[in-house]
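Residues take their numbers from the sequence shown, with the count starting at 1. Quick note: numbers below take in every heavy atom, side chains included, and nothing from hydrogens, waters or symmetry partners.
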Amino acid sequence: MDNQLKRGLTEACILKLLTYGDSYGYQLVKDLEEVMAVSESTLYPVLRRLEADSALTVYTMEHNGRLRKYYAVTDIGRSRIGDFLREWEEVMKVYEFIRRESK
């Protein structure tokens with residue numbers, strides 16, 4: 001899969017997962033396994049980029065005596081999901097055109 005495409009899909013999937021509730025890195029990797037393979041080394045740069053873009057916020061909480069970073073989607077992040085879905089509709093039109101049998 002093209003790296004740029006995978007990056008966009010990964011961002012959209014992370015943001016969507018966070019609409020279900022705040023989460024932490026390892027759990028996001030596990031939840032993403034259902035749709036795509038993402039390593040922690042791939043995930044964390046995406047999370048930092050989304051945070052820099054204000055698409056998510058980060059806070060820490062103690063868990064079993066250790067601090068854990070949690071991620072929460074923002075309104076900007078929710079808006080990006082909507083943007084992604086609108087753009088994907090255009091991609092699907094092209095996909096359907098390419099798949100169509102010749103006349």
Side-chain angles (χ1 to χ4, degrees):
M1 181 182 298
D2 176 72
N3 285 339
Q4 285 296 97
L5 177 59
K6 186 171 183 175
R7 177 180 148 185
L9 292 172
T10 303
E11 287 182 3
C13 288
I14 289 168
L15 291 170
K16 183 61 180 177
L17 282 173
L18 292 173
T19 66
Y20 302 133
D22 301 355
S23 193
Y24 54 96
Y26 180 75
Q27 186 62 54
L28 288 168
V29 168
K30 289 296 183 194
D31 292 342
L32 284 169
E33 284 178 351
E34 182 180 324
V35 291
M36 66 175 26
V38 176
S39 67
E40 289 185 55
S41 62
T42 299
L43 177 73
Y44 287 106
V46 175
L47 290 170
R48 284 191 295 274
R49 192 168 43 253
L50 289 169
E51 180 185 12
D53 292 346
S54 300
L56 56 81
T57 59
V58 181
Y59 61 93
T60 56
M61 285 183 60
E62 188 174 325
H63 178 77
N64 291 337
R66 297 180 54 190
L67 287 180
R68 180 183 279 172
K69 272 189 176 182
Y70 283 85
Y71 301 89
V73 69
T74 64
D75 288 341
I76 290 170
R78 290 176 195 280
S79 176
R80 284 181 62 172
I81 294 168
D83 294 343
F84 172 83
L85 291 172
R86 282 186 289 284
E87 289 173 10
W88 200 255
E89 286 176 14
E90 293 177 34
V91 170
M92 290 306 297
K93 286 179 189 174
V94 173
Y95 170 80
E96 291 300 328
F97 171 77
I98 293 170
R99 284 197 42 124
R100 191 176 342 165
E101 295 291 324
S102 11
K103 295 180 181 181

Can I get a per-line list of side-chain donor-acceptor pairs under 3.5 Å for residues 67-79, giving both atom names and the distance, sequence neighbours left out?
{"unit_1": "R68", "atom_1": "NH1", "unit_2": "Y70", "atom_2": "OH", "d": "3.4"}
{"unit_1": "R68", "atom_1": "NH2", "unit_2": "H63", "atom_2": "NE2", "d": "3.3"}
{"unit_1": "T74", "atom_1": "OG1", "unit_2": "S54", "atom_2": "O", "d": "2.6"}
{"unit_1": "T74", "atom_1": "OG1", "unit_2": "A55", "atom_2": "O", "d": "3.1"}
{"unit_1": "T74", "atom_1": "OG1", "unit_2": "I76", "atom_2": "N", "d": "3.3"}
{"unit_1": "T74", "atom_1": "OG1", "unit_2": "G77", "atom_2": "N", "d": "3.2"}

Using residues 10-23 as the side-chain source, report each donor-acceptor pair under 3.5 Å to any protein atom, sequence neighbours left out, with the distance given to one decimal.
{"unit_1": "T10", "atom_1": "OG1", "unit_2": "K6", "atom_2": "O", "d": "2.7"}
{"unit_1": "E11", "atom_1": "OE1", "unit_2": "R80", "atom_2": "NH2", "d": "2.8"}
{"unit_1": "E11", "atom_1": "OE2", "unit_2": "R49", "atom_2": "NE", "d": "3.0"}
{"unit_1": "T19", "atom_1": "OG1", "unit_2": "K16", "atom_2": "O", "d": "2.5"}
{"unit_1": "D22", "atom_1": "OD2", "unit_2": "Y59", "atom_2": "OH", "d": "2.6"}

Could you pull out all donor-acceptor pairs under 3.5 Å where a side-chain atom in residues 29-37 meets a protein atom, sequence neighbours excluded?
{"unit_1": "D31", "atom_1": "OD1", "unit_2": "Q27", "atom_2": "NE2", "d": "2.9"}

Under 3.5 Å, side-chain donor or acceptor atoms of residues 85-93 against the rest of the protein: list the pairs with distances, not counting sequence neighbours.
{"unit_1": "R86", "atom_1": "NH1", "unit_2": "G82", "atom_2": "O", "d": "3.4"}
{"unit_1": "R86", "atom_1": "NH2", "unit_2": "D83", "atom_2": "OD1", "d": "2.6"}

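Applying the ring-ring contact (aromatic ring centres under 6.0 Å, His included) test to every pair with at least one member in residues 28-57, sequence neighbours left out, gives no pairs at all.
Under the 4.5 angstrom side-chain criterion for Ile, Leu, Val, Met, Phe, Trp and Tyr, the cluster partners of I98 are V94, F97.
Every side-chain hydrogen bond (donor to acceptor under 3.5 Å, both in side chains) that S39 has, sequence neighbours left out, goes to S41, T42. Under the side-chain hydrogen bond (donor to acceptor under 3.5 Å, both in side chains) criterion, R66 pairs with no residue at all, not counting sequence neighbours.
Taking CG of D53 as the start and CD of E51 as the end, the distance is 10.0 Å to the nearest 0.5 Å.
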Next on the checklist: Checking Y26 against L43 for the side chain to side chain contact (heavy atoms under 4.5 Å, CB included) test, could you report, in this order, the C-alpha distance in whole Å, the side-chain angles of both residues, the deciding distance, and whether it holds?
Outcome noted: CA-CA 9 Å; Y26 180 75; L43 177 73; over 6 Å; no
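No continuous path of hydrophobic side-chain contacts links V38 to Y24 [ILVMFWY only; heavy atoms under 4.5 Å].
Annotation: side chain of L28 is in contact with side chain of L47 (closest heavy-atom distance under 4.5 Å).
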